[in-house]
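Numbering of residues begins at 1 and proceeds along the displayed sequence.
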Amino acid sequence: MTSIAIVGAGPQLGLAIARTFGSQGYDIALISRNRTKLDDLVDTLTAEGITAAAFPADVLDRDALTQALKDAASRFGGIDVLEYSPVGTFGSTALTTPAGTEPSHVEFEMNFQLYGAITATKAVLPAMREAGAGTLLYTTGAGSIRPDPRVANVNAAAAALRNWAMNLHKELLGTGIQAAHVGIDSSIGVSVIPGVEAARPERISPVYWELHTTRRDEDELVFKLDDKGFPRG
């Protein structure tokens with residue numbers, strides 16, 4: 001069987017990605033810190049005929065994240081695709097302007113975005129190298145490419161993750177393993193930043209399937225709505 005581990009799985013993009021891959025016969029490993037919410041997602045997917053299981057872990061707890069991915073690999077016989085897209089909670093995540101940013105504001109986001117991604121990758125990449133196949137996908141907002149001064153600390157860490165993911169793509173060329181960055185130039189589900197349009201998650205999730213299947217030579221795909229509200233990327 002084939003499987004995807006979704007780190008940061010939630011009821012918006014994570015569920016949409018699970019449905020996209022699940023409809024193709026993939027088993028789904030859902031990872032986030034809230035067990036109750038994960039169980040709800042598993043119930044939803046199971047009712048749709050998709051095999052899914054919950055593996056609770058906080059991306060800030062590197063040992064727990066590593067163990068969750070190992071448990072998922074044991075459950076499903078390996079991890080073929082890793083998708084990393086944890087999102088902070090608005091209201092609890094500090095959003096700072098460039099001049100208002102303290103080192104601690106960036107440090108938290110680096111732990112959340114870049115260091116969590118590195119930890120997750122190290123948990124699954126050795127088996128992918130042994131198999132000579134696999135896909136590693138990392139998601140950020142488009143501020144990693146075109147910075148927004150309203151969220152400077154988040155953008156700084158996201159840009160670091162983007163840089164690292166695209167470098168990983170270069171390193172893995174010729175190994176059979178795809179690594180790519182997905183930049184989402186919209187809000188997901190509902191608009192949370194003034195002036196940033198919202199896209200339905202089911203419009204975004206096919207991007208991940210394309211990078212896994214038909215666009216494996218690309219190190220980045222940016223999702224954006226056109227002036228009529230249709231996706232392009």
Side-chain angles (χ1 to χ4, degrees), residues 1-10 13-35 37-39 41-42 45-46 49-87 112-140 161 164-165 168-169 171-182 205-216 218-219 221:
M1 296 295 291
T2 48
S3 65
I4 177 171
I6 301 172
V7 180
L13 183 59
L15 179 58
I17 294 171
R19 284 172 166 154
T20 295
F21 279 79
S23 68
Q24 300 294 328
Y26 277 63
D27 293 332
I28 313 297
L30 301 170
I31 299 173
S32 72
R33 59 186 174 183
N34 191 308
R35 177 72 197 221
K37 292 181 179 179
L38 285 180
D39 287 342
L41 295 179
V42 170
L45 293 168
T46 300
I50 296 171
T51 300
F55 302 91
D58 188 332
V59 298
L60 297 176
D61 184 336
R62 296 174 196 171
D63 290 339
L65 178 56
T66 298
Q67 189 60 53
L69 286 161
K70 288 182 178 179
D71 291 345
S74 296
R75 170 72 178 271
F76 293 128
I79 299 297
D80 301 279
V81 182
L82 170 71
E83 192 280 320
Y84 187 86
S85 57
V87 176
F112 191 70
Q113 296 194 61
L114 178 61
Y115 302 156
I118 292 173
T119 298
T121 302
K122 291 180 72 67
V124 301
L125 183 55
M128 290 182 178
R129 284 189 182 275
E130 186 174 344
T135 298
L136 304 161
L137 302 174
Y138 308 92
T139 304
T140 73
L161 174 54
W164 179 81
L168 183 62
H169 175 91
E171 180 185 357
L172 295 175
L173 285 173
T175 66
I177 303 167
Q178 154 72 324
H181 168 251
V182 179
S205 59
V207 163
Y208 296 84
W209 182 252
E210 291 173 13
L211 284 168
H212 174 53
T213 55
T214 60
R215 303 174 73 167
R216 293 184 64 82
E218 299 183 38
D219 61 1
L221 199 156

Hey, are the side chains of L211 and T135 touching, using non-hydrogen atoms and a 4.5 Å cut-off? no

Kindly give the heavy-atom pair with the smallest separation between R216 and H169, and that separation in Å. O-CE1, 3.7 Å

Please work out whether the ring planes of F21 and H212 are parallel, tilted or perpendicular, with thresholds of 30° and 60°. tilted

Check G116 against L65 and note the closest heavy-atom contact, atom names and distance. O-CD2, 3.6 Å

Beyond-backbone contact of L15 with L30, side-chain heavy atoms, under 4.5 angstrom: no

Between R129 (side chain) and T175 (backbone), is there a donor-acceptor pair under 3.5 Å? no

Member of V42, I17, I4 meeting the side chain to side chain contact (heavy atoms under 4.5 Å, CB included) criterion with I28: I4

Look only at the side chain of Q178 and the backbone of L172, and say whether a donor-acceptor pair between them is shorter than 3.5 Å. no

Can you give me the closest heavy-atom contact between A18 and I50, atom names plus distance? O-CD1, 4.2 Å

Shortest non-hydrogen contact from I79 to S3? CA-OG, 3.5 Å

Nearest 0.5 Å please: distance from the CG atom of L173 over to the CG atom of L168. 10.0 Å

Interatomic distance, E210 atom CD to L221 atom CG [nearest 0.5 angstrom]: 6.5 Å

Do the side-chain N and O atoms of Y208 and T139 include a donor-acceptor pair separated by under 3.5 angstrom? yes

Are L82 and L125 close enough that some pair of their side-chain heavy atoms sits under 4.5 Å apart? no

Rounded to the nearest 0.5 Å, what separation is found between the OH atom of Y138 and the CD1 atom of I118? 9.0 Å

Show me the donor-acceptor pairs, under 3.5 Å and distance only, between side chains in residues 70-78 and residues at least two apart or in other chains.
| from | atom 1 | to | atom 2 | distance (Å) |
| --- | --- | --- | --- | --- |
| D71 | OD1 | Q67 | NE2 | 2.8 |
| S74 | OG | K70 | O | 3.1 |

In this structure, which one of V59, I6, T140 forms a side chain to side chain contact (heavy atoms under 4.5 Å, CB included) with Y84? V59

Roughly how far, to the nearest 0.5 Å, is CG of D219 from NE2 of H181? 10.0 Å

Drop me the distance from L38's CG to F55's CZ, to the nearest 0.5 angstrom. 10.0 Å

Closest approach of D80 and M128, non-hydrogen atoms and distance? O-CE, 3.5 Å

Shortest non-hydrogen separation from A165 to A179 and the atoms involved: O-CB, 4.2 Å

